[in-house]
Amino acid sequence: MNQLDERKNYYIEDESELDLLDLVRTLIKHKGTVILCTVIFMVISVIGGYFYNKSKSVTTAVLTLNYPGRENGKTPDGGLLTSEEIVPIDVLNSVYQKYKDEIKEKDSKKFIENTELVWMVPSHIQKRIKDAAEKGEKYIYIPTDFAIESKENAKIVNAIALEAVDQFIKRYRPYYEIKPLELNPDYDYSVDYELINDKISVLRTLINDREKKRFVSNKLGFSFDKILRDLNSLEKIEVQDYYSYYTGHHLSLDAKTREIRYKTDIQALNYEKDGLKLKSAIIKKMIDEYKPSENNFVVTGLGEVDKKVTQNDEYYGKMIEQYLQLNKEVVEVDVKIKKLENELKVEFNYPTEVQKKEMQEKLSIIVKMINNLISETNQLNDEYIRERYSNMISISSPVVVTTTGKPLYMYLAVGIALGLCFGIFMAFIAELKEDYRKRYSK
């Protein structure tokens, strides 16, 4: 009995070895089919994966704002910052018109709809917002980085970013140019003098408004400080000489017109003085009737002793300030009136030809010098503005293409696995066909 069992087990093992050998022989015999199926599936998987990834790809460019007020959600001019301010529809329309032959989406409206501006919130800020919400608190964060996202290629998205930056800078970069000084030959000397002083005042105001007075131009090689020194020199020497000459010689090209203008100016200044006095009287009355508030409070740890203090009333202090300023302005206007009245009493003479020629020469020199300073200021100011505001918006990272699909090597592995399985299956089908023909062909 034992011998029969041993023989039975031997035959089973022998048959198993034969089956495995047959399997290997079958695969070797049909290895071409297995390899071909594997290659076909591999190629199909990689190509399919590539196009799937491409359909899920997003092209992104990041814009960064860098100017005071951006952290409060404001534009450079103090308006409300919105997506439309950063990437306006005009920008998208402009890019579409330039590259419509290269853009996938042939409908401009859909192209605009498929282009998004995402306000980027860092992960640690997102966590803070979430924690605050769980506590019932409010956490406010205004992003300064913004991502332009589109399914178009990198060239199109880069064009959108560049156009958006260019338009933003043009829209919000301040532009100011001082016009050259032009004088009418028929103007009287006193009128010319006032116009010269007005132009000097405009120049000085612009220069003093610049935070970086020592900003040195790379092209011109000088700073606002240098222009200011030249302006002060012009005012103290050439302009003062011009004024001293015509006032010292009591010269006027039109004494009658001069008299009318002086009287008109004096009358206007008197009206201004009356208005300032009225405002001053109103503020004085408010000050007299207003009393700084008194508050009671308890100091803990000292036996809860009641203490009385007079608050430092900010409103009261501002009224005092305003009152003093108004009185100062009244005095200044009064000085101007007296100066004009004294000048009006002086009898002016029509200049001789020699005097006219000398005055014209002095005036020509002043006009030339002022216009040179205006030209230098405009050039320097333009360079200053361009440098200061060039970084208020920028492309902070290169255009990148990302996808929600899987890496291509994963598609390759799947293709190889499927190809092998299908190849083995086809190898056995081919073997069965051969077996069938051998058995039933006889």
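Residue I200 forms a side chain to side chain contact (heavy atoms under 4.5 Å, CB included) with just one option from L231, L181, L195, L373, and that option is L231.
In this structure, Q167 and Y172 have side chains that are not in contact, with every pair of non-hydrogen atoms separated by 4.5 Å or more. At a threshold of 4.5 Å between non-hydrogen side-chain atoms, the residues I227 and I207 count as touching. Residues I374 and V202 are not in side-chain contact: their nearest non-hydrogen atoms beyond the backbone lie 4.5 Å or more apart. The shortest distance between side-chain heavy atoms of M392 and P76 falls below 4.5 Å. Looking only at side-chain heavy atoms (C-beta outward), M426 and C37 come within less than 4.5 Å of each other.
Of the possible donor and acceptor atoms, one in the side chain of N232 sits under 3.5 Å from a partner among the backbone N and O of L228. Panel note: side chain R171, backbone E85; a donor-acceptor pair is recorded below 3.5 Å. Checking side-chain atoms of T115 against main-chain N and O of F111 turns up a donor-acceptor pair under 3.5 Å. Remark: side-chain polar atoms of Q355 are paired, donor with acceptor, to backbone N or O of T352 under 3.5 angstrom. Although no hydrogens or angles enter the test, the distance criterion places a donor-acceptor pair under 3.5 Å between the side chain of K199 and the main chain of K179. S150 places no side-chain N or O within 3.5 Å of a backbone atom of V157 that could act as its donor or acceptor partner. Using a distance-only test at 3.5 Å, with no hydrogens or angles considered, a donor-acceptor pair links the side chain of N114 to the main chain of K110. With hydrogens and angles ignored, the 3.5 Å screen pairs no side-chain donor or acceptor of E149 with any backbone N or O of L117. At distances below 3.5 Å, not a single donor-acceptor pair connects side-chain atoms of R70 with backbone N or O atoms of T144. Side chain of N378 to backbone of I178: a donor-acceptor contact under 3.5 angstrom is found.
Checked by atom type, the side-chain pair D225/S223 shows no donor-acceptor distance below 3.5 Å. Between the side chains of Q379 and S375, a donor-acceptor pair is found at a separation under 3.5 Å. Side-chain contact check for Y271 and Q267: at least one donor-acceptor pair (N or O, by modelled atom type) lies under 3.5 Å.
Atom CD of E116 and atom OG of S83 lie 10.0 Å apart (nearest 0.5 Å). Here the CD1 atom belonging to I86 is positioned 7.5 Å from the CG atom belonging to L63, to the nearest 0.5 angstrom. Here the straight-line distance linking atom CG of L276 with atom CD of E332 works out to 9.5 Å at 0.5 Å rounding. Separation of atoms NZ (K362) and OG (S244) is listed at 9.0 Å; rounding is to 0.5 Å. Between the CD1 atom in I196 and the CE atom in M369 there is a gap of 11.5 Å [rounded to 0.5 Å].
Ion pairing of D131 with K127 is present here, as a side-chain N (NZ or NE/NH1/NH2) and a carboxylate O approach within less than 4.0 Å. For the pair E102 and K155, the salt-bridge criterion is met [side-chain N within less than 4.0 Å of a carboxylate O]. The pair D166-K170 meets the salt-bridge criterion, since a charged nitrogen lies less than 4.0 angstrom from a carboxylate oxygen. In summary, E163 and K98 engage in a salt bridge, as defined by a charged side-chain N under 4.0 Å from a carboxylate O.
For residues 60-79, no pair satisfies ring pair (Phe, Tyr, Trp, His ring centres under 6.0 Å), with sequence neighbours left out. The stretch residues 126-162 participates, sequence neighbours left out, in these ring pair (Phe, Tyr, Trp, His ring centres under 6.0 Å) pairs: W119-F146.
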Report task. Evaluate ring pair (Phe, Tyr, Trp, His ring centres under 6.0 Å) for Y246 paired with Y243, printing each intermediate quantity in order. Result -> CA-CA 6 Å; Y246 84 80; Y243 175 77; 5.6 Å; yes
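More than 12 heavy-atom neighbours from other residues, nucleotides or ligands sit within 6.0 angstrom of NZ on K273.
Aromatic pair Y193/Y189: centroids not less than 6.0 angstrom apart.
In this structure, K357 has no side-chain hydrogen bond (donor to acceptor under 3.5 Å, both in side chains) partners at least two apart in sequence or on a different chain.
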